[in-house]
2 protein chains.
Amino acid sequence: MLGLLSFPGERTGYELKKWADSSLRFFYWSPALSQIYAELRRLETLGYVTSTRSGPEEPRTKRCYAITGAGRRALTAWADGEEDAGPPVLKHPLVLRVWLGHLADPVRLAERVAAHVVRTQAALDDVRQALERAQGVTDWAHPQVALRWAERQHLAELELAHAMLADLDRLPPPEAESQLPYGAPTDG
Amino acid sequence: MLGLLSFPGERTGYELKKWADSSLRFFYWSPALSQIYAELRRLETLGYVTSTRSGPEEPRTKRCYAITGAGRRALTAWADGEEDAGPPVLKHPLVLRVWLGHLADPVRLAERVAAHVVRTQAALDDVRQALERAQGVTDWAHPQVALRWAERQHLAELELAHAMLADLDRLPPPEAESQLPYGAPTDG
DNA sequence: TTCGTCATGTAAGAAGTTACATGATTAA
DNA sequence: TTAATCATGTAACTTCTTACATGACGAA
């Protein structure tokens with residue numbers, strides 16, 4: 001939240017959610033709206049953000065948040081501090097399913113990988129749209145670098161899926177007993 | 001946990017943790033030991049696993065878990081079921097820091113990316129060790145495919161880091177005012 | 001005798017999600 | 001007039017982590 005607010009301008013919780021959905025989520029994650037609102041209130045008690053209720057000139061009642069000097073210092077302490085931010089964390093349900101391939105129908109498994117390719121292509125389109133929007137804004141050099149990373153990452157994800165598909169194709173056909181319904185219990 | 005137990009053999013919670021650390025974590029994640037023990041107890045109440053306390057013949061008191069037929073069916077229902085398992089989720093603290101590069105010293109930022117390369121190379125070695133171990137085991141075709149995916153994924157991660165480093169190098173040098181300590185507050 | 005590994009757990013709490021609840025504005 | 005979007009929140013709950021606590025075994 002502080003990171004999003006560290007770029008010029010004030011935003012509502014709702015706007016922050018949209019921005020996270022369209023950009024942050026490609027290399028980090030997009031929190032639920034309920035968490036965003038809760039977190040903004042928490043950051044305000046910490047003195048890291050200030051909020052202004054919109055007056056009657058605005059069409060809607062909304063609360064706009066801005067980062068404070070203390071908030072910027074706290075954020076910079078993380079972004080430019082000594083501490084190790086930790087390794088990337090990846091949770092890949094598709095690869096988990098492939099890992100459990102002995103329980104699945106090979107044809108269906110391959111279809112799932114193909115579906116993953118389609119989903120990744122759609123995500124890649126979203127990344128590219130975010131990149132286009134980012135290119136219009138000055139002082140967004142670093143977000144652009146992050147989004148270019150995300151674009152290449154999605155391209156790599158496509159290649160990875162194709163290579164895995166080829167690996168699965170090369171697998172010897174399952175034994176006769178495994179051609180019965182998959183995962184038929186043998187105990188318990 | 002059910003997935004780990006779906007491969008032949010019985011294991012203790014401790015063994016499950018080691019296996020998750022050395023294999024699962026490369027494409028999914030490795031839960032804390034305390035969670036593993038709690039989850040195994042939960043799965044036992046559901047009838048998805050059974051446990052046997054080791055008798056006096058064993059050197060240590062330990063509890064070995066095995067999957068049941070019901071557990072295998074429940075797991076197969078997930079692994080081979082209709083339901084969408086959802087998109088991969090990535091939390092990449094390094095890219096998040098690059099995204100916030102306007103708050104950081106460019107030299108330090110580049111050093112962080114270089115450190116990420118070193119860390120990824122070490123992780124790649126770990127993946128390859130896991131692959132070697134997996135190659136000795138029969139009926140581990142699918143775990144091998146998942147680990148080959150992880151190997152390629154780590155190679156891609158290295159390329160991605162180098163490309164990002166090049167992008168950062170190409171960035172124009174910061175304005176004079178930004179050469180003061182980074183993130184110097186201008187408000188609040 | 002000391003350290004690393006094996007082995008199991010409890011308790012507190014952080015982090016995050018879903019479902020629920022409300023209501024105004026805007027465009028078709 | 002109806003649906004989508006804008007806008008904000010509460011409550012319950014799940015998930016997961018860290019810190020704490022214990023103790024045996026094996027190797028140096």
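Here the structure is a predicted model, which means the values were calculated and not measured. Per chain, numbering begins at 1; letters A, B, ... match sequence-line order.
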Without decimals, in angstroms, what is the distance between [X] [atom1] and [N] [atom2]?
| X | N | atom1 | atom2 | answer |
| --- | --- | --- | --- | --- |
| B:Arg63 | C:dT8 | CZ | C1' | 10 Å |
| B:Tyr37 | C:dT8 | OH | C1' | 5 Å |
| A:Asp21 | C:dT17 | CG | P | 11 Å |
| A:Tyr28 | C:dA15 | OH | P | 11 Å |
| A:Ile36 | D:dT10 | CD1 | P | 15 Å |

Could you run down the sub-3.5 Å N/O contacts of the protein with nucleotides 14-17 of chain D?
from	atom 1	to	atom 2	distance (Å)
D:dC16	OP1	A:Lys91	NZ	3.1
D:dC16	OP2	B:Gln35	NE2	3.1
D:dT17	OP1	B:Trp29	NE1	3.0
D:dT17	OP2	B:Ala32	N	3.0
D:dT17	OP2	B:Gln35	OE1	3.3

Option passing ring pair (Phe, Tyr, Trp, His ring centres under 6.0 Å) with A:His92 (candidates B:Phe27, B:Trp149, B:Tyr28, B:Phe26):
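The passing option is B:Trp149.
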Sidechain-backbone polar pair: [X] side chain, [Y] backbone, donor-acceptor under 3.5 Å:
| X | Y | answer |
| --- | --- | --- |
| A:Arg72 | A:Leu2 | no |
| B:Lys62 | B:Gly13 | no |
| A:Ser23 | A:Trp19 | no |
| A:Arg25 | A:Asp21 | yes |

Given that B:Tyr65 and A:Leu33 both sit by DNA chain C, which one's nearest nucleotide is further toward the 5' end?
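Nearest nucleotide further toward 5': that of B:Tyr65.
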Pairing donors with acceptors under 3.5 angstrom, does anything connect the side chains of A:Glu157 and A:Thr120?
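A:Thr120 and A:Glu157 do not have a side-chain donor-acceptor pair below 3.5 Å.
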Check DNA chain C against residues 5-19 of chain A and give the residues with a non-hydrogen atom under 4.0 Å, in numerical order.
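Contacts with DNA chain C under 4.0 Å: none.
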With the 4.5 Å side-chain cut-off for hydrophobic clustering, are B:Leu40 and B:Trp78 part of the same group?
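Yes; tracing contacts between hydrophobic side chains, which count when under 4.5 Å, links both residues.
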Hydrophobic cluster identity match, B:Ile67 and B:Tyr14, side-chain contacts under 4.5 Å
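No, because B:Ile67 and B:Tyr14 fall into different hydrophobic clusters, even though each may have its own neighbours under 4.5 Å.
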Looking at D:dA7, I'd like to know if its phosphate oxygens (OP1 or OP2) sit under 4.0 Å from a side-chain N or O belonging to A:Arg53.
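Indeed not, no polar side-chain atom of A:Arg53 lies that close.
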